[in-house]
Amino acid sequence: MRLWSLTPARQNLLLTLLALRLCLVELVAVPVAVLCLHPACGLMLLLTLLLIPLRWQLLHEAAHGHLLPSARHNRLTGRLMGITLGLPFDVWRQAHQLHHRYSRSRWHQVEVYDPTRERYWMRQLLLILRMCGGAYLLAWCGSLLLLFVPGSARWPFLCRHFALWPRLHVRMQRCGRLSTARTDAALALLLPLLSLLVYGQHDWMLWLALLLRALLISLTDHVCFAAQALGCPRRAANLFLPRWLGYGLLNSHLRGVHQRWPHLPWQALPQQFASTSEGWDGDYLERLWGEQWQLQARDHLPVIPL
C-alpha cells in the first residue's frame, strides 16, 4: 500500500518509525558495519543526512500536536525525535511558540540590519555563519544553558543579542517540564558519545555527519522568512517545489500557509494553499541558495501593521 493512500495518522507513524530507524543506522548500524566489514560502509550515513529535513519537520509537527492523535503519544514521539536530533523537545516547543508569536517583529529579525547602528560586513558574516550551521548550534547551546545554567537568563550579553531569551526562560519555568527536558538533553548528549566509542578510529565520520546535520537544519529553517515584510508574525513565503519533493519535506515550503493556519497538519497545507488562490512567492531552491544569504536593510522592507 502506498504511503499517500494511508490516513494522516498512519502516514505520520510510518514516517516516524523511518526516522527512528535512520537514527539507529547512524548511531549503531554504520559503526558496527565499519568496524566489522569495511570503512566504505560509512557511505550509508549519506542516506541519513538526506532525510534530516524530514526528521526536522516531524519534530515540528509534534511541537504543534499534529504528529499522532493521542496527546500522550504525540509528546512521547516528539521527545524521541528531539533526542535523535540533539534538542530537548520541550525547550524547542516553547521556542517555536515564541517564533510563531514574534517572527518578523523587532525581536526576531534574522537577516534584517539597521544601517545606522550596525556594520554591514559584521552582520553579513554573522548571517553566513548562521546559515552554515550556526542556527542549529545556537539552539543546541541555548538549550543546555537554559536547562543547566538557569542564571544565564540574566546574562547581559544574551539578553542584549537575543531579545527573546528571557521570555523563553520564563516559559520554561512555567511549563513545569524542566526535569524531563534535562533528561532528554542528557540522552541527546549521551547517545552520540557512546556511538563515537563504537566508531573508534573512524569517529570523524559521525562528527562530519553531525556538522552536516547542523548545516541542513540551519539552511532550511529560515528560507521561507527571508526578505519578507516586517511587523506581522503570520507573514512567510510559499515557495515552489515539485510535489514529490515538497511531500518529502512535509510541505514545509508552504510556510506562509502554516503561519496563517498553524492548526492545520502538513497534509492539509496544499489544499489550503489552493483555496487561497494565491501564487508562489518564488522558487524554494533559488531562495535556499540565494536570497536568504543576503542582508536586508530595515528601511528597505515593507512593514505590515499588526
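Numbers here are sequence positions counted from 1.
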With sequence neighbours excluded, residues passing ring pair (Phe, Tyr, Trp, His ring centres under 6.0 Å) with [X]:
X	result
Trp140	none
His300	none
Trp107	Tyr102

(request) Sorted by first residue and then second, give each ring-ring contact (aromatic ring centres under 6.0 Å, His included) pair with at least one member in residues 150-195; sequence neighbours left out. (result)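 Checked against ring-ring contact (aromatic ring centres under 6.0 Å, His included) - neighbours excluded - the pairs reaching residues 150-195 are Phe157-His161.
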(message) Applying the side-chain hydrogen bond (donor to acceptor under 3.5 Å, both in side chains) criterion to His222, which one of Gln292, Arg130, Glu111 satisfies it?
(response)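 Going through Gln292, Arg130, Glu111 one by one, the side-chain hydrogen bond (donor to acceptor under 3.5 Å, both in side chains) with His222 is satisfied by Glu111 alone.
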Flag the pair [X] / [Y] as yes when at least one side-chain heavy-atom distance between them is below 4.5 Å, and no otherwise.
X	Y	answer
Glu286	Glu291	no
His253	Asn251	yes
Ser70	Arg75	no

(message) Tell me every residue that passes side-chain hydrogen bond (donor to acceptor under 3.5 Å, both in side chains) with His66, counting only those two or more places apart in sequence or in another chain.
(response)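 Checked His66 against side-chain hydrogen bond (donor to acceptor under 3.5 Å, both in side chains); zero matches.
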Can you pull out every salt bridge (charged side-chain N to carboxylate O under 4.0 Å, His left out) where at least one residue sits in [range]? Sequence neighbours excluded, please.
range	value
residues 268-282	Arg260-Glu278
residues 197-219	Glu26-Arg213
residues 226-236	none
residues 152-177	none

(request) Any side chain to side chain donor-acceptor pair (under 3.5 Å) involving residues 268-277? Give me the pairs, sequence neighbours left out, ordered by first then second residue. (result)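 Non-adjacent pairs meeting side chain to side chain donor-acceptor pair (under 3.5 Å): zero.
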(message) Is a donor from one side chain sitting under 3.5 angstrom from an acceptor on the other, for His64 and His258?
(response)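 Yes, His258 and His64 have a side-chain donor paired with an acceptor closer than 3.5 Å.
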(request) List, by chain and then residue number, the residues other than Leu197 in its hydrophobic cluster (Ile/Leu/Val/Met/Phe/Trp/Tyr, side-chain heavy atoms under 4.5 Å); write none if there are no others. (result)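 Taking Ile, Leu, Val, Met, Phe, Trp and Tyr as members, Leu197 shares its hydrophobic cluster with Leu190, Leu194.
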(message) Starting from Leu254 and following side-chain heavy-atom contacts under 4.5 Å between hydrophobic residues (I, L, V, M, F, W, Y), which residues can be reached?
(response)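 Phe240, Val257, Trp261, Leu264, Leu269, Phe273, Trp280, which link up through side-chain heavy atoms under 4.5 Å apart, make up the rest of the cluster.
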